[in-house]
Amino acid sequence: MNLNRYDRQIRLTGFGTRGQELLGNARILVVGAGGLGVPVCQYLNAMGVGTLGIVDGDIIEETNLHRQPAYGPSDNGQAKISVLGRKLKEQNPETNIELHQTFLEPSNAMALLENYDLVVDATDRIPTRYLLDDACVIRRIPWIYGALHGFEGQLSVFNYQGGPTYRCLFPQIPKPGEIPDCNQLGTLGVLPGVIGSLQALEAVKVICGLGEILSGKLLLFNALDHQSRQVRFQKDITQEIRSIRDDSHYTAGLCDTGGGIPMVDYLKLNESGRSHLLVDVREPEEFDAYHLPHALNFPLMELEKYLTEMDKSAEVYLICHSGSRSAQAYRKLEGKLQSASLKWIQGGVKDLQAETS
C-alpha cells in the first residue's frame with residue numbers, strides 16, 4: 001500500500017495508520033453505478049478501500065450526464081459499469097475492482113453479497129431495496145441507504161450490529177403511484193453527489209469504527225435551506241427475514257405486474273406486425289433522447305387528454321423508462337378506455353436498450 005497517497009487522512013487523530021489498514025482490508029459492494037453510485041465509488045476508491053465491488057446492468061443515457069459526472073457524451077450507450085470500472089482503475093490502480101454487470105435480483109442476490117463486509121445502496125428502485133435488505137439480514141451484513149426525493153435526500157445505516165433494518169422503517173412495498181420516482185420529480189444534478197458523499201463517509205465510519213453510526217436514525221437533508229434533521233426508529237422483530245422471497249414479492253409494489261407484459265413478449269408482438277398503439281408516458285425530453293420509432297409520447301401527467309386518441313386503437317401498450325410510470329399509467333387509465341385493451345410493458349426502455357446494446 002502506498003501510504004504517501006493517504007498521508008493527509010492518516011494524520012487524522014482517531015483514524016491514523018490503523019484506520020487506513022482497516023479500509024485497505026475492507027470489501028465493499030456498491031449496488032448501482034448512477035447518481036449515488038458514482039460519488040460513492042470515486043471517494044471510497046480514492047481513499048484506499050481494498051476491494052470495491054459494483055453491481056449494475058444499466059447503460060449510459062444522455063439524461064444521466066447532469067448528475068453522473070464520471071460519464072460524458074462519448075460514453076452514451078455503453079455499460080455504466082465498464083466505463084466506471086475503467087476510470088476507477090485510472091484513479092487508484094491499487095484497488096481491487098470487482099465488476100458485476102447485472103441487476104440485483106432474487107436469483108443472484110445471495111451470491112453477489114457473499115464475501116463482502118458492507119453494502120452501499122445506490123439503486124433507484126424501491127423493490128430492489130427490500131430485496132437488498134432481506135439479503136443483508138440473511139448474510140448479516142450492514143448496508144448504507146441513500147435516496148433522493150425532489151430537493152430532499154435521505155441517509156441511514158441498516159442491519160448494523162443487529163440493529164434496525166429497512167423493513168423496520170418501511171414495512172411494506174408501496175403501491176403503484178404512492179411514491180413518484182426521480183424521472184417524474186426530477187433530480188438536481190448536485191444532490192446525488194451530496195448524498196452519495198455522505199454514504200461514502202458513513203461507509204468509512206462503519207469500516208473503521210469512527211464516530212456515531214446512523215443506525216436506527218434516518219437523516220433528512222433539504223438542499224434548498226441546508227437544513228437537516230434526524231428521525232429515530234426502533235427495531236421491529238416481526239420484520240426479520242429467514243429467506244429471500246420469490247420474484248413476485250419484489251415486483252408486487254411499485255412494479256405490480258397486473259396488466260403488465262415482459263419486454264420480450266412485446267417485441268414478439270411488434271415483430272408479428274399486429275396493429276396496436278404504443279404510448280410512451282415519459283417526459284418529452286426523455287422521449288426525444290430515445291424512443292421506439294412507432295411510439296407516441298403521451299406524458300403520464302397529461303394522459304387523460306389523449307383518451308379519445310387511445311380509444312381508436314384495439315390494443316394500447318404503455319411504456320416508460322423502467323416500468324414504474326407505465327404501471328402507474330395503467331392504473332390511471334384502467335376502466336376509462338371504452339374499446340381498447342390495455343397493457344403496460346415491464347422493464348421499459350431500460351430493458352430494451354440493454355437487450356439491443
Side-chain angles (χ1 to χ4, degrees), residues 1-56 67-71 80-100 112-113 115-123 132 136 141-147 153-161 190-215 219 221 228:
M1 181 188 295
N2 178 12
L3 294 181
N4 188 53
R5 176 189 179 105
Y6 312 112
D7 176 72
R8 295 301 184 270
Q9 63 192 26
I10 290 174
R11 293 187 186 194
L12 278 169
T13 302
F15 184 81
T17 305
R18 175 59 177 160
Q20 194 62 52
E21 288 175 351
L22 289 169
L23 209 53
N25 291 326
R27 294 179 54 84
I28 299 179
L29 181 69
V30 180
V31 182
L36 294 172
V38 164
V40 169
C41 290
Q42 288 181 321
Y43 273 107
L44 291 179
N45 184 52
M47 292 177 68
V49 166
T51 296
L52 185 62
I54 312 169
V55 178
D56 195 288
R67 67 188 186 280
Q68 300 174 23
Y71 312 127
K80 289 182 179 180
I81 202 166
S82 298
V83 176
L84 184 58
R86 183 174 68 250
K87 294 186 177 182
L88 292 174
K89 267 301 180 187
E90 291 172 358
Q91 180 192 36
N92 189 351
E94 291 187 343
T95 307
N96 176 32
I97 305 290
E98 297 180 345
L99 303 180
H100 309 279
L112 287 171
L113 268 61
N115 296 324
Y116 286 101
D117 308 311
L118 177 68
V119 177
V120 181
D121 158 47
T123 181
L132 182 59
C136 283
I141 303 172
W143 65 282
I144 315 293
Y145 161 73
Q154 300 181 0
L155 184 76
S156 190
V157 179
F158 296 118
N159 203 45
Y160 176 70
Q161 296 182 347
V190 69
L191 186 57
V194 173
I195 300 303
S197 297
L198 290 176
Q199 285 182 283
L201 172 60
E202 207 64 20
V204 173
K205 287 167 58 183
V206 169
I207 292 297
C208 301
L210 299 174
E212 189 174 335
I213 307 300
L214 275 174
S215 176
L219 175 69
F221 172 78
S228 62

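For clarity, every value in this text was computed on a predicted model and none was experimentally measured.
The backbone N or O of Gln42 sits less than 3.5 Å from a side-chain atom of Gln91, completing a donor-acceptor pair. For Lys80 (side chain) and Tyr71 (main-chain N/O), no donor-acceptor pair under 3.5 Å exists by modelled atom type. The main-chain N or O of Ala33 is found under 3.5 Å from a side-chain atom of Asp56 such that the two form a donor-acceptor pair.
Side-chain contact between Val204 and Leu23 is present, with heavy atoms from C-beta onward closer than 4.5 Å. For the pair Ile97 and Asn45, the minimum side-chain heavy-atom distance is below 4.5 Å. Here the side chains of Asp121 and Ile144 are not in contact, with every heavy-atom distance at 4.5 Å or above.
Summarising the geometry of Val157 relative to Tyr160, their closest heavy-atom pair is CG1-CB, 3.8 Å, with the distance given to 0.1 Å. In plain terms, the two heavy atoms of Gln199 and Tyr145 that are nearest each other are NE2-C, 3.6 Å. For the residue pair Gly14 and Leu210, the shortest heavy atom distance occurs at O-CD2, 3.2 Å. Considering all non-hydrogen atoms of both residues, Ala203 and Leu44 come closest at CB-CD2, 4.2 Å. Smallest separation of non-hydrogen atoms from Leu52 and Val30: CD1-CG2, 3.9 Å. Across every non-hydrogen atom of Gly34 and Pro39, the tightest pair is O-CD, 4.4 Å.
Classified by interplanar angle (parallel below 30°, tilted 30° to 60°, perpendicular above 60°), the ring pair Trp143/Phe158 is tilted.
Atom CG of residue Leu191 and atom CD1 of residue Ile195 lie 5.5 Å apart, to the nearest 0.5 angstrom.
Salt-bridge check for Arg27 with Glu98: passed, with a basic side-chain N closer than 4.0 Å to an acidic carboxylate O. Salt-bridge check for Glu90 with Lys87: failed, with every basic side-chain N at 4.0 Å or more from each acidic carboxylate O.
Counting heavy-atom neighbours within 6.0 Å of Phe15 CZ, excluding the residue itself, gives a total above 12.
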